[in-house]
Amino acid sequence: MIDVHTHCHLSEHWGPEWETNWKPVYGHDYEEKSPAEFDAAMKEAGVELAFTFGLRATRAGVDTPNEYVEWFCANTETPTLGFMALDLSDDDVLDQLNDGVARGLGGIKLYPVLAHFDPRDPKHDPVYAAAEAAGLIILWHMGATPSPEGRLDISQPLVVDEVARRHPGLKQIIAHMGHPWQRETMVICRKNRNVFTDVSASWHRPMDGYLALARAQEWSVVDKLLFGSDYALWTPADAVAGLRSMAATRIEGMPEIKKETLEWLLDGDPRPALGLA
C-alpha cells in the first residue's frame, strides 16, 4: 500500500492558526507524532511507502522547515518520500525549492487556501517549471478548510486545470478529491494526463465520499485515485476501514462501488504513473 497523504509537522509549525481557527472546530490540541509512532501506524496497515509533509502559509505564520521534513524522514523505518512545504508568495521560493531538492525531498506541498496565492497566476510558472525539471510531484490542498482565514475561491480544484494546461508534464495530486468539489476533480483528472487525486478524509463525509468514488467510475478515472490516510488525523488502518465501509454502501438506483475500485486503492501501485518506478 502506498499512502500519499501523511503529515509530520509539529504544533509549533502551525503558528497561531491551529489554536485560533482549527481547535474551535476539532475540539482538541494538535497531536504531534514521533517517527516511531508514525512507523507503528504505517506498519499496522502494511504501508510500503508514505509521502509525508508539513505546511507553509507565510502570511498566517504556518511554516514547516525543509530541514525538519528531512530529519523526520531520516528517522523513520518506513520508506518515506518527503515533500517540502512551499508558499508561492515567498520571494525566495525558488531558493527554498532548491534547498529541498538538495535535502533529497521529492515533492512539494502547496496550501493556497491559507497562503492566499492564486495558483493560476503566470508569475508562479518558474516554480512549476523548476519542479517539473527536478522531477518533483506537487500535492495541492484543495477544497474545504475550517479556518475563517481561508480563501475558497483559490482552493477550488479547477485552478489546478490551468496549471496543468500550461505545464502538462508536471505531476500533480489534488488532495481530498477536492472536497466538496469532487465532481470537478474527476473531470480535471480525466482531461489532464498527469493530474491525480487522493481519497484522504473522504470517509469522514461518507455520502460525499461514496458519490466521489462513483463519479470516478463514471468518468473512467479510477486509475487516477490514490490512497491517502491524512495521518495523523486518521491512521491508514482507519482509512482502510472507512473506504471499505463506503464501498459497501448500497443505494437503490445508484451505482455500486466496484470491488476493482477498492482493490486499486488498497493494493494498486501508482508509482510508475507518478514517475517513481
Side-chain angles (χ1 to χ4, degrees), residues 4-7 9 13-18 20-26 51 53-64 83-90 93 107-125 127-128 131 137-167 170-192 194-205 208-209 211-212 215-216 224-226 228 230 233:
V4 306
H5 196 123
T6 74
H7 296 268
H9 51 288
H13 299 159
W14 276 103
E17 178 64 22
W18 181 277
T20 303
N21 293 323
W22 294 60
K23 185 175 179 179
V25 176
Y26 285 101
F51 297 2
F53 39 77
L55 305 171
R56 185 183 294 270
T58 302
R59 56 161 297 281
V62 178
D63 177 10
T64 303
F83 278 46
M84 63 193 90
L86 300 183
D87 180 342
L88 302 191
S89 303
D90 291 347
V93 64
I108 300 171
K109 173 66 182 289
L110 295 177
Y111 212 67
V113 68
L114 280 183
H116 290 189
F117 65 82
D118 189 333
R120 299 165 294 187
D121 194 322
K123 71 181 181 182
H124 302 314
D125 282 346
V127 179
Y128 302 140
I137 301 167
I138 290 182
L139 191 148
W140 299 90
H141 174 89
M142 282 287 137
T145 178
S147 176
E149 289 288 317
R151 281 189 57 185
L152 294 178
D153 62 316
I154 48 177
S155 195
Q156 219 278 6
L158 285 172
V159 302
V160 176
D161 180 57
E162 179 62 16
V163 178
R165 189 185 65 79
R166 298 204 305 267
H167 302 273
L170 179 62
K171 305 289 186 181
Q172 301 183 76
I173 300 171
I174 298 172
H176 313 303
M177 295 191 284
H179 65 174
W181 297 295
Q182 296 99 329
R183 178 179 59 181
E184 287 81 353
T185 295
M186 299 312 158
V187 298
I188 293 165
C189 287
R190 177 175 179 258
K191 173 181 178 287
N192 298 291
N194 285 308
V195 177
F196 304 82
T197 188
D198 78 48
V199 300
S200 59
S202 58
W203 51 88
H204 187 54
R205 291 177 174 82
D208 271 355
L211 291 172
R215 285 179 171 133
K224 294 294 196 77
L225 300 181
L226 307 174
D230 210 3
L233 287 174

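Atom set for the values below is all heavy atoms of this structure, side chains included, hydrogens, waters and symmetry mates excluded. Along the sequence shown, residues are numbered consecutively beginning with 1.
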For this session: Please indicate whether Arg183 has more than 12 foreign heavy atoms, meaning atoms of other residues, nucleotides or ligands, lying under 6.0 Å from its CZ.
Result: no
For this session: Could you tell me if the ring centre of His5 sits under 6.0 Å from that of Phe53?
Result: yes
Exercise. Once you round to the nearest 0.5 Å, how far does CD1 of Ile138 lie from CD of Gln172?
Worked result: 5.5 Å
Problem set entry | His116 versus Glu149, closest heavy-atom pair with distance | NE2-O, 2.7 Å
Problem set entry | Approximate separation, where rounding is to 0.5 Å, of Ser200 OG and His179 NE2 | 7.0 Å
For this session: Look up atom CZ in Phe83 and atom OG1 in Thr6, then write down how far apart they are to the nearest 0.5 Å.
Result: 9.5 Å
Exercise. Counting only N and O atoms by type, is there a donor-acceptor contact under 3.5 Å from the side chain of Thr197 to the main-chain atoms of Leu225?
Worked result: no
Problem set entry | Ring geometry between Tyr128 and His167 (parallel below 30°, tilted from 30 to 60°, perpendicular above 60°) | perpendicular
For this session: Using a cut-off of 6.0 Å, state whether more than 12 heavy atoms not belonging to Arg59 lie near its atom CZ.
Result: yes
Exercise. Is there a donor-acceptor pair under 3.5 Å between the side chain of Asp230 and the backbone N or O of Ala201?
Worked result: no
Exercise. So do Lys109 and His7 actually touch side chain to side chain, heavy atoms under 4.5 Å?
Worked result: yes
Problem set entry | Expected output: side-chain Lys224 to main-chain Arg190 donor-acceptor under 3.5 Å | no
Exercise. Rounded to the nearest 0.5 Å, what separation is found between the CG atom of Asp153 and the CG atom of Asp118?
Worked result: 7.5 Å
Exercise. Would you call Leu139 and Asp198 a side-chain contact if the rule is heavy atoms closer than 4.5 Å?
Worked result: yes
Exercise. Quick one: does Thr58's side chain get under 4.5 Å of Asp63's, heavy atoms only?
Worked result: no
For this session: Check whether any side-chain N or O of Thr185 sits under 3.5 Å from a backbone N or O of Met177 as a donor-acceptor pair, and report yes or no.
Result: yes
Problem set entry | Gap between atom CG of Asp125 and atom CZ of Arg120 - 0.5 Å precision | 13.5 Å
For this session: Measure the shortest side-chain to side-chain distance between Asn192 and Asp161 over non-hydrogen atoms and say whether it is less than 4.5 angstrom.
Result: yes
Exercise. How about Trp22 and Thr145: do any of their side-chain heavy atoms sit closer than 4.5 Å?
Worked result: yes
For this session: Nearest 0.5 Å please: distance from the CZ atom of Arg205 over to the CD atom of Gln182.
Result: 10.0 Å
For this session: Name the orientation class of the two ring planes belonging to His141 and His176 (parallel below 30°, tilted from 30 to 60°, perpendicular beyond 60°).
Result: perpendicular
